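A short write-up of the structure that comes next.
Every value quoted in this text rests on a predicted model; they were computed, and no experiment measured them. Only heavy atoms go into these numbers, but all of them, side chains included; no hydrogens, no water, no symmetry mates.
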Amino acid sequence: QLQTSGGGLVQAGGSLKLSCAASGRIFNSHVMGWFRQAPGKERAFVAAISWGGNTVYADSVKGRFTISRDNAKNTVYLQMNSLKPEDTAVYSCAVDSRWNTPSRVSLDYDYWGLGTQVTVSS
């Protein structure tokens with residue numbers, strides 16, 4: 001129900017754009033979020049966007065990453081610029097079908113994609 005793509009290997013300072021396509025049933029009117037999990041670390045919030053376009057970001061990515069959504073295509077994007085080695089992780093998109101305000105809390109999200117690997121080399 002959530003198909004993530006766009007990961008890969010990039011040098012520090014480079015850019016990548018992740019996409020997450022969802023079925024209409026779970027995308028419409030719902031908050032979409034991006035999370036990441038680095039090896040040996042807990043899952044961490046990256047960014048989230050409401051149906052109307054309100055956004056929240058983790059402090060670690062603010063000013064470098066941009067979350068957006070195309071409601072006509074049932075797709076959410078994560079544009080990642082000025083990538084750093086510490087951004088290396090598996091990135092997953094998720095849907096919060098219960099609240100209208102973007103949440104930083106993973107427990108608020110009830111649908112998850114499989115994730116895509118992002119590796120930033122120094």
Side-chain angles (χ1 to χ4, degrees):
Q1 292 180 320
L2 292 173
Q3 192 76 21
T4 310
S5 61
L9 173 64
V10 65
Q11 288 188 332
S15 298
L16 281 174
K17 186 173 185 177
L18 306 183
S19 299
C20 176
S23 67
R25 181 180 66 83
I26 63 172
F27 186 87
N28 291 341
S29 302
H30 295 152
V31 169
M32 301 292 296
W34 287 97
F35 290 78
R36 66 186 181 185
Q37 187 166 19
K41 295 188 177 181
E42 294 186 352
R43 179 184 288 166
F45 170 76
V46 177
I49 186 169
S50 71
W51 175 257
N54 293 326
T55 58
V56 293
Y57 294 93
D59 289 343
S60 59
V61 306
K62 200 173 295 183
R64 300 189 297 123
F65 291 11
T66 302
I67 188 171
S68 61
R69 65 191 294 164
D70 185 333
N71 292 337
K73 296 183 178 179
N74 295 343
T75 301
V76 63
Y77 304 97
L78 186 67
Q79 176 67 49
M80 304 184 293
N81 298 329
S82 302
L83 282 161
K84 304 175 181 179
E86 51 263 44
D87 294 319
T88 295
V90 174
Y91 285 70
S92 300
C93 66
V95 177
D96 177 358
S97 67
R98 293 168 291 182
W99 305 103
N100 295 323
T101 301
S103 171
R104 302 170 183 265
V105 180
S106 62
L107 290 176
D108 287 340
Y109 292 80
D110 41 358
Y111 296 95
W112 290 84
L114 287 179
T116 185
Q117 177 70 46
V118 172
T119 302
V120 185
S121 63
S122 57

Apply side chain to side chain contact (heavy atoms under 4.5 Å, CB included) to His30 and Tyr111, showing your working.
CA-CA 11 Å; His30 295 152; Tyr111 296 95; over 6 Å; no
About how many Å separate [atom2] of [Y] and [atom1] of [X], when rounded to the nearest 0.5 Å?
X: Gln79; Y: Leu16; atom1: CD; atom2: CG; result: 8.5 Å
X: Arg69; Y: Tyr77; atom1: CZ; atom2: OH; result: 11.5 Å
X: Leu83; Y: Thr119; atom1: CG; atom2: OG1; result: 10.5 Å

Residue pair [X] / [Y]: nearest heavy atoms and the distance that separates them:
X: Ser60; Y: Arg36; answer: OG-NH2, 3.5 Å
X: Ala12; Y: Ser122; answer: CB-CA, 4.4 Å
X: Met32; Y: Leu2; answer: CE-CD2, 4.2 Å
X: Ser106; Y: Trp112; answer: O-CZ2, 3.6 Å
X: Ser103; Y: Asp108; answer: OG-OD2, 2.6 Å
X: Ser23; Y: Asn74; answer: C-ND2, 4.0 Å

With distance as the sole criterion, is a donor-acceptor pair present between the side chains of Gln3 and Ser5 under 3.5 Å?
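No, Ser5 and Gln3 have no side-chain donor paired with an acceptor closer than 3.5 Å.
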Using a 3.5 Å distance criterion without hydrogens, assess whether the side chain of [X] forms a donor-acceptor pair with backbone atoms of [Y].
X: Arg104; Y: Tyr57; answer: yes
X: Thr88; Y: Val120; answer: yes
X: Asn54; Y: Pro102; answer: no

Please say which of Asn100, Asn71, Val31 ends up in a side-chain contact (heavy atoms from CB on, under 4.5 Å) with Trp51.
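Result: among Asn100, Asn71, Val31, Asn71 is the only option passing the side-chain contact (heavy atoms from CB on, under 4.5 Å) with Trp51.
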So, applying side-chain contact (heavy atoms from CB on, under 4.5 Å) with Val76, which one of Ile49, Asp70, Val95 is it?
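With Val76 as partner, side-chain contact (heavy atoms from CB on, under 4.5 Å) holds for just one option, Ile49.
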Ionic contact status for Lys84 with Asp87, cut-off 4.0 Å:
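Looking at Lys84 together with Asp87, the answer is no, because their closest N to O distance does not fall below 4.0 Å.
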Which label fits Tyr109 and Phe35: parallel for a plane angle under 30°, tilted from 30 to 60°, or perpendicular past 60°?
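Tyr109 vs Phe35 ring planes: perpendicular.
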Is the number of heavy atoms from other residues, nucleotides or ligands within 6.0 Å of NZ (Lys41) greater than 12?
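Incorrect, the count does not exceed 12.
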Are more than 12 heavy atoms from other residues, nucleotides or ligands located less than 6.0 Å from atom CG of Asn81?
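Yes - once you tally the heavy atoms of other residues, nucleotides and ligands closer than 6.0 Å, there are more than 12.
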Give a yes or no on whether Val118 and Val46 share a hydrophobic cluster (residues Ile, Leu, Val, Met, Phe, Trp, Tyr; joining criterion: side-chain heavy atoms under 4.5 Å apart).
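Shared cluster, yes.
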Min side-chain heavy-atom separation Phe65-Leu18 under 4.5 Å
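A side-chain contact is absent here, since even the closest heavy-atom pair is not under 4.5 Å.
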